[in-house]
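This report concerns only the one structure given below.
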Amino acid sequence: MAFSIASILLGSSLILQVASSALPTSSRCCNLLDAEFRGGEKVVFPQTTEYGVLNTYFAPTSQQTPSCIFSPADTFDVSRAIKLFTRHSCKFAIRSGGHHYNAGWASINNGILISLSNLNKVIYNPTSKSVFIGSGNRWRKVYDTVEPHNVTVVGAQNSDVGVGGFLVNGGVSYLADRYGWAVDNVRDFEVVVADGRVLHANKDENKDLFRALKGGSSNFGVVTGFTLDTVKSNPVTNLYVTYPESSYDVLIDEAHQYFVKEEDVDSQVLFVFSLYFKDGVASNNYAAVLVYTDVMDLTNPPKVFTPFLDGEVPSSGVYVSGANKTLGSHGHQLAGVQHSGGRTTRQTVSIFPDAQLLKQFNKIWIKTAEEYKKIEGLKVDLLFQRIGKQWIAAGNAKGGNSMGLTKPVVILWVQPHWTSARDDEAVAELTTKVITRFEKAAKDAGKLSDFEYLNYAGPKQSLMSGYGTESIRRLQSVKAMYDPKNVFGTLLPGGPKVPGLY
Ligand SMILES: Cc1cc2nc3c(=O)[nH]c(=O)nc-3n(C[C@H](O)[C@H](O)[C@H](O)COP(=O)(O)OP(=O)(O)OC[C@H]3O[C@@H](n4cnc5c(N)ncnc54)[C@H](O)[C@@H]3O)c2cc1C
Ligand SMILES: *[C@@H]1O[C@H](CO)[C@@H](O)[C@H](O)[C@H]1NC(C)=O
Ligand SMILES: *[C@@H]1O[C@H](CO)[C@@H](O)[C@H](O)[C@H]1NC(C)=O
């Protein structure tokens, strides 16, 4: 009896081997992973409800078709999976909140998607004034956890955004002039590196890795948790001001003054210009978002805002989006109006502040969009803001990051929205054309910065090459220490890569 059971088992395992060697590698990897986690609910396959839920993105354009989706319950699960992936050369992608617009960054075809959404702990520590955040969280839960204690975090403007991608790629917050990039405020990273070890990276342990992870994207490991400083929670006021097209040149002159003067660290101004096309006819909307991160009296606004409010730049409307509210409440409000589900893409360019160049950009953006005006439902946004010397200095004071900025820049991003998948390629072409023309104009003016903010970058941009030689050398040496076989370069096909390793 015993003999025959053994032979049946032997026989079936042989059949299994034969069958699985005929499968594509990604399916074989999924089966191995499923077996490793004993067929539990952590590995889900296409055509199941769970798969459909986990494979939903803010922009449908960033979705792909993974062979299976793995949802680790904790850091230990991530470690086991990474060991399996390296042993069997399994391709994978890492997803936190799924808000990045680029297909193939937090999504994958023919590979395993690691979905971090169950790493969702948020623990405030009032003694150390810090908060531990599992990397699968959205900012909403972080704000909601810390703000009742009268503190906040340097987090996203929209509280629906994922924590993981936002932080590993930098993170633009309303509080950035005071505290630097959001990621500059990380005290400790908990990270699973290529050989499956769970490391902590902070100012005392794995110091090189600590700095590299600040802007290092997905090159060094799967970050499973962030311990973030909390900061004072001031009342925040947010004004939305619109301008007629005739105000454009003077608006840009005042924007330029605002960019170069850096007079008030509690202020931030974001410019949001939109072009809409209906039946091939264009209309536009020029707006500035004025954010003040301390008490502000509407009848006597801070001096830095007066040019935008008192008619030096004639405006067509001033709206109070929110007054004296926490950062979290502003974030929740924005999440309520920025809806997911529409087709969208984004590319970026950075320049050294220059008013003439911004005026030229306005013409280029309009002219290029006009060439594509027949695209159904086309709306093209152009947004820009400053990364100033206070912002950069705040990051340096906390040990510096990977992004390599030494001088203030203005980051711009072009963001089209459209209706049909049929036009995806034409829109990609439009976006690339605007950016290429911007780059040429900036280069001709001697004002082009190589920096490309990863969270606003398109899939085919130069990405980390813009971090500069010094930063790239440092990143290469950290790669040699923590990922010598370049697992996060070869088995993780998507996302920005440390240049010079391929
Ligand atoms: C509505 C909306 C509002 C936004 N507002 C802001 C804003 O205020 N400020 C700003 O700076 N940006 C903003 N963004 C851009 C946003 O920062 C990026 O889309 C960001 O990457 C989103 O993070 P995520 O976790 O959702 O990313 P995902 O799409 O899940 O991942 C993005 C990238 O990061 C990598 N990654 C994610 N998690 C990890 C991890 N734990 N370890 C290693 N690599 C990881 C992924 O592999 C992928 O390459 C906004 C985007 C949207 C759609
Ligand atoms: C937060 O501030 C409010 C108003 O100043 C105060 O009433 C409340 O007790 C504070 N809460 C904590 C947890 O400190
Ligand atoms: C915010 O509250 C203060 C009082 O604390 C008030 O003076 C100010 O006008 C308020 N700001 C706005 C924009 O409502």
Side-chain angles (χ1 to χ4, degrees), residues 57-59 62-63 78 92-108 113-117 119 124 126 133-139 146-151 154-174 176 181-183 189-192 213 216-226 233-239 270 292 294-301 320-325 327 330-331 334-335 337-340 342 344 346 348 383 385 411 413 415 453-457 459 463 488 492-497:
Y57 288 78
F58 183 85
S62 48
Q63 185 189 63
V78 176
F92 64 98
I94 309 164
R95 172 202 161 119
S96 171
H99 270 58
H100 206 291
Y101 291 166
N102 291 344
W105 283 34
S107 53
I108 189 166
L113 177 65
I114 308 179
S115 170
L116 298 170
S117 50
L119 304 187
Y124 176 59
I133 311 168
S135 62
N137 278 290
R138 310 295 183 89
W139 286 101
V146 301
E147 286 187 347
H149 300 277
N150 292 341
V151 295
V154 184
Q157 296 157 36
N158 174 327
S159 59
D160 194 32
V161 172
V163 165
F166 177 87
L167 283 177
V168 297
N169 291 326
V172 169
S173 149
Y174 289 144
W181 294 97
V183 76
F189 294 91
E190 181 190 85
V191 55
V192 176
L213 282 167
S217 204
S218 51
N219 283 276
F220 298 94
V222 184
V223 178
T224 49
F226 303 89
S233 179
N234 283 336
V236 178
T237 295
N238 192 326
L239 307 179
L270 167 68
Y292 206 70
D294 204 345
V295 176
M296 141 171 186
D297 181 355
L298 277 182
T299 59
N300 184 21
V320 182
S321 315
N324 284 333
K325 301 203 303 188
L327 216 54
H330 281 281
L334 202 56
V337 295
Q338 295 184 323
H339 297 292
S340 65
T344 183
R346 183 148 62 187
T348 184
L383 297 94
Q385 72 175 97
I411 58 171
W413 57 109
Q415 191 172 291
Y453 175 40
L454 295 182
N455 276 332
Y456 298 161
L463 307 173
F488 286 86
L492 180 88
K497 302 296 176 199

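Atoms within a ligand are numbered from 1 in the order they appear, just like the ligands themselves. Reckoned from all heavy atoms, side chains included, excluding hydrogens, waters and symmetry mates. Quick caveat: nothing in here was measured; it's all calculated off a predicted structure.
Residue Gly97 approaches ligand 1 through these ligand atoms, each under 4.0 Å from one of its heavy atoms: 24 (P), 25 (O), 26 (O), 30 (O). Every atom of ligand 1 is numbered from 1 in the order shown, and the set under 4.0 Å from a heavy atom of Gly171 is 11 (O). The contact set between ligand 3 and Asp297, taken as ligand atoms under 4.0 Å from a residue heavy atom, comprises 9 (O). Near Tyr101, meaning under 4.0 Å from one of its heavy atoms, ligand 1 places the atoms 53 (C). Each of the atoms 13 (C) of ligand 3 lies under 4.0 Å from some heavy atom of Leu298. Which parts of ligand 1 touch Ser218 is read off a 4.0 Å heavy-atom cut-off, strictly below it: atoms 44 (N). Numbered from 1 in the order shown, with element, the atoms of ligand 1 that lie under 4.0 Å from a heavy atom of Arg346 read 15 (C), 51 (C). Within ligand 2, counting atoms from 1 as listed, the ones closer than 4.0 Å to a heavy atom of Pro148 are 13 (C). Each of the atoms 41 (N) of ligand 1 lies under 4.0 Å from some heavy atom of Ser135. Close approach to Arg95 involves these atoms of ligand 1, each under 4.0 Å from a residue heavy atom: 30 (O). Taking a cut-off of under 4.0 Å to the non-hydrogen atoms of Met296, the atoms of ligand 3 that pass are 8 (C), 9 (O), 10 (C), 11 (N), 12 (C), 13 (C). Shown in contact with Ala323 at under 4.0 Å from a heavy atom are these atoms of ligand 3, numbered in order with element: 12 (C), 13 (C), 14 (O). Heavy-atom contacts of Tyr453 reach the following atoms of ligand 1: 10 (C), 11 (O) (cutoff under 4.0 Å).
Nearest heavy-atom pair, Asn219 versus Pro496, reported as atom, atom and distance to 0.1 Å: ND2-O, 2.9 Å.
Side chain to side chain, Ser233 and Asn150 fail the donor-acceptor criterion of an N or O pair below 3.5 Å. Between Thr224 and Glu190, the side chains place a donor N or O and an acceptor N or O closer than 3.5 Å (distance only, hydrogens not considered).
Distance screen at 4.0 Å: atom 11 (N) of ligand 2 has a protein heavy-atom neighbour inside the cut-off. Less than 4.0 angstrom separates atom 7 (O) of ligand 2 from none of the non-hydrogen atoms of the protein. Within the 4.0 angstrom cut-off, atom 14 (O) of ligand 2 has one or more protein heavy-atom neighbours. Contact annotation for atom 4 (C) of ligand 2: protein absent (non-hydrogen atoms, distance under 4.0 Å).
Considering CD1 of Ile133 and CG of Leu119, their distance stands at 13.0 Å, rounded to 0.5 Å. Note that OH of Tyr456 and CZ of Arg346 are 6.0 Å apart. Values are rounded to the nearest 0.5 Å. The structure places OG of Ser107 at 8.0 Å from CD of Gln63, a figure rounded to the nearest 0.5 Å. We find the OG-NE2 distance between Ser62 and His99 to be 9.5 Å, quoted to the nearest 0.5 Å. Annotation: the span from Asn158 atom CG to Gln338 atom CD amounts to 4.5 Å, rounded to 0.5 Å. The line from CG of Leu327 to OG of Ser173 is 5.5 Å long, rounded to the nearest 0.5 Å.
For the pair His149 (side chain) and Pro126 (backbone), a donor-acceptor distance under 3.5 Å is absent. With hydrogens and angles disregarded, no donor-acceptor distance shorter than 3.5 Å links the side chain of Asn300 to the backbone of Asp297. A donor-acceptor pair is defined here as one N or O able to donate and one able to accept, closer than 3.5 Å; such a pair exists between the side chain of Ser96 and the backbone of Gly164. A donor-acceptor pair under 3.5 Å is absent between the side-chain atoms of Thr237 and the main chain of Ala323, judged by distance alone. Between the side chain of Asn455 and the backbone N or O of Phe166, at least one donor-acceptor pair lies under 3.5 Å.
Summary of contacts: the protein heavy atom closest to atom 18 (C) of ligand 1 is Asn455 OD1, 3.4 Å. In this structure, atom 26 (O) of ligand 1 lies nearest to the protein heavy atom His99 N, 2.9 Å. Protein heavy atom at the shortest distance from atom 50 (C) of ligand 1 is Val161 CG2, 3.8 Å. Closest to atom 33 (C) of ligand 1 among all protein heavy atoms lies Asn169 ND2, 3.9 Å. Asn150 ND2, 1.5 Å is the protein heavy atom nearest to atom 1 (C) of ligand 2.
The shortest N/O to N/O separation between Val168 and ligand 1 does not fall below 3.5 Å. An N or O contact shorter than 3.5 Å links Asn324 to ligand 3 by distance. Note: no N/O pair closer than 3.5 Å links Gln338 and ligand 1 by distance alone. Considering backbone and side-chain N/O of His149, none are found under 3.5 Å from N/O of ligand 2. At a 3.5 angstrom cut-off on N or O pairs, Gln157 counts as close to ligand 1. Taking any N or O of Ser96, backbone or side chain, at least one lies under 3.5 Å from an N or O belonging to ligand 1. Considering backbone and side-chain atoms alike, Ile94 places an N or O below 3.5 Å from some N or O of ligand 1. Considering backbone and side-chain atoms together, His100 places an N or O closer than 3.5 Å to an N or O of ligand 1.
Contact annotation for Thr224 and ligand 1: no heavy atom of the residue comes within less than 4.0 Å of the ligand. Contacts of Phe166 with ligand 1, taken as heavy-atom pairs under 4.0 Å, involve both backbone and side chain.
Taking the centre of each ring, Trp413 and Tyr453 stay at or above the 6.0 Å mark. Taking the centre of each ring, Phe220 and Phe488 stay at or above the 6.0 Å mark.
Using bins of under 30°, 30° to 60° and over 60° for the plane-to-plane angle, the ring pair Phe58/Tyr101 lands in the parallel bin.
Considering each of Gly164, Ala176, Gly221, the one bringing a non-hydrogen atom nearest atom 43 (C) of ligand 1 is Gly221. Ranked by closest heavy atom to atom 34 (O) of ligand 1, the top entry among Ala156, Ala182, Gly165 is Gly165.
In this structure, the side chains of Met296 and Asn238 stay at 4.5 Å or more apart for every pair of heavy atoms. Side-chain contact between Val222 and Val191 is absent, with no heavy-atom pair separated by less than 4.5 Å.
For Gln415, the heavy-atom gap to ligand 1 stays at 4.0 angstrom or more. Residue Tyr57 places no heavy atom under 4.0 Å from ligand 1. The closest approach between Gly98 and ligand 1 falls below 4.0 Å for a heavy atom of the residue.
In this structure, Arg95 is positioned above the aromatic face of Tyr57, its NZ or CZ under 6.0 Å from the six-membered ring centre and within 45° of the axis.
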